[in-house]
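Note that the structure is predicted; figures quoted are calculated from it, not measured.
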Amino acid sequence: MITCTKQLRHLLTALVLTLSALMPEKAAAEKLLGLMCGKVYLSGGDVVELNDSDRIAMPVKKKQLCLVENAYSSRQKVSQRISPETVDSIVLWNATSPGHTHTLRYIPEFGWCWQLEKATGIAVYAFSPKGYHISGNGGMWTRGKSIMIVDRNGTLHRFSDHSKNANDKFRQQVADMVKDDPVLVSKIVSSRHRRDKTLRMLGLYNPAIL
């Protein structure tokens, strides 16, 4: 009886160890925020497109970009992890709304950022530490609190409390970034939008050619 008990104990221990070894991969898959169709534009010029049964996991913070195969089956697994520093940008969309795409870029100071607007020499981003979500109708939003970032020729400007109404001081601060576009400056200083909408007006930037 003692021998049988020891053998049974060894078998149970081996089973627990085997299951424990298998669990991390499954748990990692469960932690993925969302699985989307998309294209990964690598800094070297290569493009990786994922659709059908393959997906891109919605990136978050400064974590690696995860490519997932067999996304909606029991065989789901992370097929590749890409260092964010090697990615130029990613374009994501929900399979139910392929006409609504969204661009994310990696900004080392913050992490994965959602590109809201882009013009010559300037771009506007939203950053959320908790990541992002794309709904079935194609709309995208941040999870939890977020900040907005303006990249002006490589200089980053951070804006919090962007849901507040903009005052004259804030409007002038935004207008000063685009002094060489007098038309846009006039629109910004005379606008009466919230701060987030005021910042997104920078997407209209069209500098005067001297």
**Q** Please give me the minimum heavy-atom distance between Gln64 and Pro84, naming the atom from each residue.
**A** CA-CD, 4.0 Å
**Q** Looking at every heavy atom in both Gly154 and Asp151, which two are closest together, and how far apart are they?
**A** N-OD1, 2.8 Å
**Q** May I ask you to test the Leu42-Val47 pair for a side-chain heavy-atom distance under 4.5 Å?
**A** no
**Q** Can you name the closest pair of heavy atoms from Glu85 and Tyr106 and give their distance?
**A** OE2-OH, 3.8 Å
**Q** In Å, rounded to the nearest 0.5 Å, how long is the span from CG of Leu65 to OG1 of Thr86?
**A** 8.5 Å
**Q** Looking only at atom types and distance, does a side-chain atom of Arg158 sit under 3.5 Å from a main-chain N or O of Met148, one as donor and one as acceptor?
**A** no
**Q** Taking Glu117 for the side chain and Gly203 for the main chain, is one N or O donor matched with an acceptor at less than 3.5 Å?
**A** no
**Q** For the pair Asp181 (side chain) and Leu184 (backbone), establish whether a donor and an acceptor sit closer than 3.5 Å, ignoring hydrogens and angles.
**A**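 Answer holds: yes.
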**Q** Using side-chain heavy atoms (C-beta onward) and a distance below 4.5 Å, is Val91 in contact with His102?
**A** no
**Q** Between Phe159 and Ile147, is there a side-chain heavy-atom distance shorter than 4.5 Å?
**A**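 No. Closest side-chain heavy atoms not under 4.5 Å.
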**Q** Measure the CE-OG1 distance between Met140 and Thr101 for me, rounded to the nearest 0.5 Å.
**A** 10.5 Å
**Q** Look only at the side chain of Thr198 and the backbone of Arg194, and say whether a donor-acceptor pair between them is shorter than 3.5 Å.
**A** yes
**Q** What do the steps show when you test Val68 against Leu32 for side-chain contact (heavy atoms from CB on, under 4.5 Å), and what is the final call?
**A** CA-CA 10 Å; Val68 181; Leu32 300 178; 3.6 Å; yes
**Q** Does the pair Leu116 and Trp114 meet the rule for a side-chain contact (heavy atoms from CB on, under 4.5 Å), with working shown?
**A** CA-CA 6 Å; Leu116 302 174; Trp114 174 17; 3.6 Å; yes
**Q** Can the ring centroids of Trp93 and His100 be said to lie less than 6.0 angstrom from one another?
**A** no
**Q** For Leu104, does its backbone N or O pair with a side-chain atom of Ser89 as donor and acceptor, under 3.5 Å?
**A**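 No, because the side chain of Ser89 does not come within donor-acceptor range (under 3.5 Å) of the backbone of Leu104.
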**Q** Measure the CG-OG distance between Asp54 and Ser79 for me, rounded to the nearest 0.5 Å.
**A** 6.5 Å
**Q** Are Val183 and Val185 grouped together when hydrophobic residues (ILVMFWY) are joined by side-chain heavy atoms under 4.5 angstrom apart?
**A** no
**Q** Measure across Val60 and Gly131 and return the closest heavy-atom pair with its distance rounded to 0.1 Å.
**A**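 Closest approach of Val60 to Gly131, heavy atoms only: CG2-N, 3.7 Å.
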**Q** Quick check for you: to the nearest 0.5 Å, what is the distance between Ile56 atom CD1 and Asn51 atom CG?
**A** 9.5 Å
**Q** Give me the atom names and distance for the closest heavy-atom approach of Phe127 to Tyr132.
**A**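 So the two residues come closest at CA-OH, 3.4 Å.
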**Q** Let me have the donor-acceptor pairs involving side chains of residues 161-169, under 3.5 Å, with sequence neighbours excluded, atom names and distances please.
**A**
from   : atom 1 : to     : atom 2 : distance (Å)
His162 : NE2    : Ser146 : O      : 3.1
His162 : NE2    : Ser146 : OG     : 3.2
Asn167 : OD1    : Lys169 : N      : 3.3
Asn167 : OD1    : Phe170 : N      : 2.8
Asp168 : OD1    : Arg171 : NH2    : 2.7

**Q** Check whether any side-chain heavy atom of Glu109 lies under 4.5 Å from a side-chain heavy atom of Leu156, and answer yes or no.
**A** yes
**Q** Of Lys77, Arg75, Arg55, which is the lone residue that meets salt bridge (charged side-chain N to carboxylate O under 4.0 Å, His left out) with Glu69?
**A** Lys77
**Q** Nearest 0.5 angstrom please: Leu35 CG to Ser53 OG, how far?
**A**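 Those atoms lie 11.5 Å apart.
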**Q** Is the shortest distance from a Lys or Arg side-chain nitrogen in Arg105 or Asp88 to a carboxylate oxygen in the other one below 4.0 Å?
**A**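 The answer is yes: the pair qualifies as a salt bridge.
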**Q** To the nearest 0.5 Å, what is the distance between SG on Cys37 and NZ on Lys39?
**A** 11.5 Å
**Q** Sub-3.5 Å donor-acceptor pair from the side chain of Ser128 to the main-chain atoms of Thr142, do we have one?
**A** no
**Q** If a pair satisfies salt bridge (Lys or Arg N to Asp or Glu O under 4.0 Å) and one of its residues is in residues 134-148, list it, with sequence neighbours excluded.
**A** none
**Q** Among Val87, Ile90, Leu67, exactly one meets side-chain contact (heavy atoms from CB on, under 4.5 Å) together with Val48. Which residue is that?
**A**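 Passing option: Leu67.
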**Q** For Leu92 and Met58, which heavy atoms make the closest approach, and how far apart are they?
**A** CD1-SD, 3.7 Å
**Q** Are any non-hydrogen side-chain atoms of Leu199 and Val150 less than 4.5 angstrom apart?
**A** yes
**Q** Got Ile149 and Cys113 here, is their nearest side-chain heavy-atom distance under 4.5 Å?
**A**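 In short, these two side chains touch, coming nearer than 4.5 Å.
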**Q** How about Val178 and Ile122: do any of their side-chain heavy atoms sit closer than 4.5 Å?
**A** yes
**Q** Judged by atom type as modelled, is there a donor-acceptor pair below 3.5 Å linking the side chain of Ser97 to the main-chain atoms of Asn94?
**A** no
**Q** Under 3.5 Å, side chain of Tyr125 to main-chain N/O of Trp112, donor-acceptor pair present?
**A** no
**Q** Quick one: do the Tyr205 and Asp180 side chains pair a donor with an acceptor below 3.5 Å?
**A**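 Present: a donor and an acceptor within the cut-off.
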**Q** Are any non-hydrogen side-chain atoms of Glu49 and Val40 less than 4.5 angstrom apart?
**A**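 SC-SC contact between Glu49 and Val40 ruled out.
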**Q** Give a yes or no on this: more than 12 heavy atoms of other residues, nucleotides or ligands lie within 6.0 Å of atom NZ of Lys118.
**A** yes
